[in-house]
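Have a look at the structure below before the remarks.
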Amino acid sequence: MRDVVDDLIWDEAPKEASAVALLDAPALVEDALTLTDDVRVFCDDWRDAALVPSELLVEHPTDLAGVDLALARLPKSLAALDEQAALVQGAQDVTFVGGARIKHMNLTMNEVLGKHFTAVAASLGRSKSRVLRAWGPNGLESDWPKVRDHDDLGFAVAAHGATFGGTKIDPGSRLLLAALRGAGRTPGLEGEDVLDFGCGNGTLAMWLARDGRTVSARDVSWSAVAGTVVAAEVNGVEVDATWGDGLADYPDDSFDAIVTNPPFHKGFAKDSADTLAMFDDAARVLRPGGQLWCVFNSHLPWRKELNVRVGRTQVALQDPHYTATVTVARA
Ligand SMILES: C[S@@+](CC[C@H](N)C(=O)[O-])C[C@H]1O[C@@H](n2cnc3c(N)ncnc32)[C@H](O)[C@@H]1O
């Protein structure tokens, strides 16, 4: 599981530390333990966290504060990098070493690190990868999570740095909300127990809870779940938001309806396997006759897949970019 980026991060890291934070870098656990017993691991993606001995995982990413060495896989999102850099502030001296494939890096990353450290330098490239090294922490406090009111929708959403879409409303989700309200060619959402599958900043969950449903939310990203929890508090609604990959821990026939704006990328790679697995999970945990509401880029063949994997699927609403569908789960 260790790759050329992990190798470069490790080769560029100082080999002395009393406390090490690993951010989204599960493959570096064994190396970090050669430096100190105080290794604190945080992975935003549940699948990465599952690779790490549980006693090394922090309860909350704020527990990373105070380390003197932070080793990170640089996230794609600048907001996520900003939060990574803020989380490891605390010690008088902390060095941050973050690596990625060069094609996924840009100069703005240096600026983001420059907000939190007095010095930032890039390594030479190796195996199409590079490391950014930052030192001289300025102790700037984290301003995550962020909350934004959406008066047009009547609720707020919340995001950590790595939450999909930040505090914006995704245009696909906006279309899905209209379809759920019955603004399309089909009647709106039916059902009491509803799951927002891949909840991100909680947009769909907040609408469902405001609409009086019993709402669960699930995401594989810690930042998404934590954002949804904050949004529920701010909006004064109840949402049972949990962190996990898919729905393996939910029994069959758990929900009357599921709403989802599924991913079509995992990390940087275009990958539909994740979305298809989510459809299969939804088919299992929906009660027979339950509804799966989905929105996706119109060029994707998801209507066909939904018909095959879940049940009869109708287009509820479309705009020039997105299609919202409703599928009735087979018995
Ligand atoms: C396109 S985003 C939509 C987020 C949010 N519903 C919105 O409307 O803004 C897809 C979400 O699915 C989550 N996701 C991807 N794969 C997942 C999986 N296997 N299990 C649970 N959530 C997943 C991602 O982390 C991301 O938050």
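Starting from 1, each residue takes its place in the sequence as its number. Each ligand, and each atom within it, is numbered from 1 in the order the structure gives. All values reported here derive from a predicted model rather than from experimental measurement.
- In terms of polar-atom proximity, defined here as any N/O pair under 3.5 Å, Gly198 does make such a contact with ligand 1.
- Other residues, nucleotides and ligands place more than 12 heavy atoms under 6.0 Å from the CZ atom of Arg2.
- Judged as a side-chain hydrogen bond (donor to acceptor under 3.5 Å, both in side chains), the pairs with a partner in residues 177-191 (not counting sequence neighbours) are, in order, Arg185-Gln318.
- Looking only at side-chain heavy atoms (C-beta outward), Glu111 and Val120 stay at 4.5 Å or farther from each other.
- Proximity of Cys199 to ligand 1 is established by a heavy-atom distance of less than 4.0 Å.
- Taking distance alone, with nitrogen or oxygen atoms compared against 3.5 Å, Ser221 stays at or beyond that limit from ligand 1.
- Hydrophobic cluster membership differs between Val239 and Leu247, with clusters built from Ile, Leu, Val, Met, Phe, Trp and Tyr side chains linked at under 4.5 angstrom.
- Geometrically, ligand 1 and Asp170 share no nitrogen or oxygen pair separated by less than 3.5 Å.
- Of all heavy-atom pairs spanning Gly98 and Ile9, the tightest one is C-CG1, 4.5 Å.
- Atoms of ligand 1 lying under 4.0 Å from any heavy atom of Gly246, numbered from 1 in the order shown and given with element: 18 (C), 19 (N), 20 (N), 21 (C).
- Remark: Lys146 NZ is packed, more than 12 non-hydrogen atoms of other residues, nucleotides or ligands lying under 6.0 Å away.
- Residue-to-ligand polar distances keep Pro262 apart from ligand 1: every N/O pair is separated by 3.5 Å or more.
- Not counting sequence neighbours, the partners of His160 by the ring pair (Phe, Tyr, Trp, His ring centres under 6.0 Å) test are Trp222.
- Close contacts between ligand 1 and Gly244 involve ligand atoms 20 (N), 21 (C) [criterion: under 4.0 Å to a heavy atom].
- Checked by distance only, ligand 1 and Arg218 stay at 3.5 Å or farther apart across all their nitrogen or oxygen atoms.
- If you check each of Val157, Val220, Val295 against atom 23 (C) of ligand 1, the one with the closest non-hydrogen atom is Val220.
- Against a heavy-atom cut-off of under 4.0 Å, Gly200 is close to the following atoms of ligand 1: 4 (C), 5 (C), 27 (O).
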